[in-house]
Amino acid sequence: MLVVMQAHATEQQVEAVCEAITSLGLRPHSLPGAQRTAIGITGNASAIEPGAIEDLPGVAEVIQVSKPYKLVSREMKAENTIIAFPGSPAAIGGKTLAMIAGPCAIESREQAFRIAEHVAGSGAQFFRGGAFKPRTSPYAFQGLGEEALRIMAEIRERFGLLIVTEAVDTESLALVEEYADMIQIGARNMQNFSLLRAAGRARKPILLKRGIAATLDELLMAAEYVMSEGNYQVALCERGIRTFTDHTRNTLDLSIVPAVQRLSHLPIIVDPSHGTGKRNKVIPLARAAVAVGADGLIIEVHPCPEQAFSDGAQSLDLKQFARMMQDLQPYLRLWKESRVTEAAATV
Ligand code: PEP
Ligand code: MN
């Protein structure tokens, strides 16, 4: 259920509605919009008598949300969610494409600094590096752990890049939250419901990657888990799905971008590195992702991809990353124009 407040409703009236919802044993989620505040209700709302809320001061209407996902849906919030980062001009979902770049794994301070300096110089706003790696083999490199987190904290200080890194389990989540500006939940954990709930209680935005065999609805329901716990700062990420093709590691499903944008207000980012698994396909698919209207890109970069501890085959080298940023320019101009047109159309 969704309570739509009147445009001129006061903060006290919003609060009184939230209290009424809580006293019915349900959870209110107040999401202020440009025109009005909407309050989502989660829990078993079927038992409430609509009049109980409808007649409260400041309420415009109480509506049933028809989709299984509530807080994620555009019915709940018509305007796009923009994820802002305190103290930084960077955002996800706004009028600038979010460029998230870095190595699959932090291997050393020197490697990480070299990449960070280069991607910052080429225009990335976010540095993404793995500290804890979810690997298919238990014998493969698992990441440097907290040492990698400390290196990334230094990178934030030195280059002004925001740090994105993965939490692979509930045990390491608090540590990752302490260091990161944004917490990645990886494809293999998209339906790890206890981790999703814990991410929902974290105070940092979440980057939620699509599972390798997840449908759009499953991705949105995973985001709903995070939001249902009170963390509304979620960006989705298309990183390729498992299909029968064998010319790429995964099949990058770019059609999910407009599909998400139709159903949800959450931003969606595209990862053509994991989405293709092949370096020579990353730049063309990055262009396509911008053309299709993604809110950002995640690109794996390594100074010497042949020697990378993980995902070398899909990592761009430093020169290739700079070239990609150049190649994207005409697409970025069109991207910006279409953002302005869309914003005007929703007013
Ligand atoms: C990664 O980002 O390096 C990673 C392991 O991604 P995914 O969860 O999409 O496989
Ligand atoms: Mn990787």
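One-based numbering, in listed order, for ligands and for the atoms of each.
Other residues, nucleotides and ligands place no more than 12 heavy atoms under 6.0 Å from the CZ atom of Arg114. No more than 12 heavy atoms of other residues, nucleotides or ligands sit less than 6.0 Å from atom CZ of Arg242.
Ligand-side atoms of ligand 1 in range of Gly186: 8 (O), range being under 4.0 angstrom from any heavy atom.
The ring-ring contact (aromatic ring centres under 6.0 Å, His included) search around Phe321 returns none, not counting sequence neighbours. Under the ring-ring contact (aromatic ring centres under 6.0 Å, His included) criterion, Tyr179 pairs with no residue, sequence neighbours left out.
Looking only at heavy atoms of the protein, atom 8 (O) of ligand 1 is closest to Ala187 N, 2.7 Å. The protein heavy atom nearest to atom 3 (O) of ligand 1 is Lys133 NZ, 2.9 Å. Scanning all protein heavy atoms for the shortest distance to atom 4 (C) of ligand 1 gives His274 NE2, 3.4 Å. Shortest contact from atom 2 (O) of ligand 1 to any protein heavy atom: Arg128 NH1, 2.4 Å. Counting only heavy atoms of the protein, atom 6 (O) of ligand 1 lies nearest to Lys209 NZ, 3.0 Å. Scanning all protein heavy atoms for the shortest distance to atom 9 (O) of ligand 1 gives Arg239 NE, 2.6 Å.
Protein contacts to the Mn ion (ligand 2) involving N, O or S atoms at a distance below 2.8 Å are Cys104 SG, His274 NE2, Glu300 OE2, Asp311 OD2.
One finds no salt bridge joining Glu177 and Lys204 here, because no Lys/Arg side-chain nitrogen approaches an Asp/Glu carboxylate oxygen to under 4.0 Å.
Here ring pair (Phe, Tyr, Trp, His ring centres under 6.0 Å) pairs that include residues 122-148, with residues two or more places apart or in two chains, are Phe85-Phe126, Phe141-Phe309.
Backbone and side-chain nitrogen or oxygen atoms of Arg188 are examined, and one is located within less than 3.5 angstrom of a nitrogen or oxygen of ligand 1.
Cluster annotation: Ile256 is connected to Val292 through the hydrophobic network of ILVMFWY side chains, with a link wherever side-chain heavy atoms come within less than 4.5 Å.
Distance check: Thr22 OG1 to Ile41 CD1 gives 9.5 Å after rounding to the nearest 0.5 Å. Note that CD of Gln233 and CZ of Arg203 are 12.5 Å apart. Values are rounded to the nearest 0.5 Å.
Test Lys209, Arg239, Arg128 against Asp271 for salt bridge (charged side-chain N to carboxylate O under 4.0 Å, His left out) and you get one pass: Lys209.
Close to ligand 1: Cys104, with a non-hydrogen atom less than 4.0 angstrom away.
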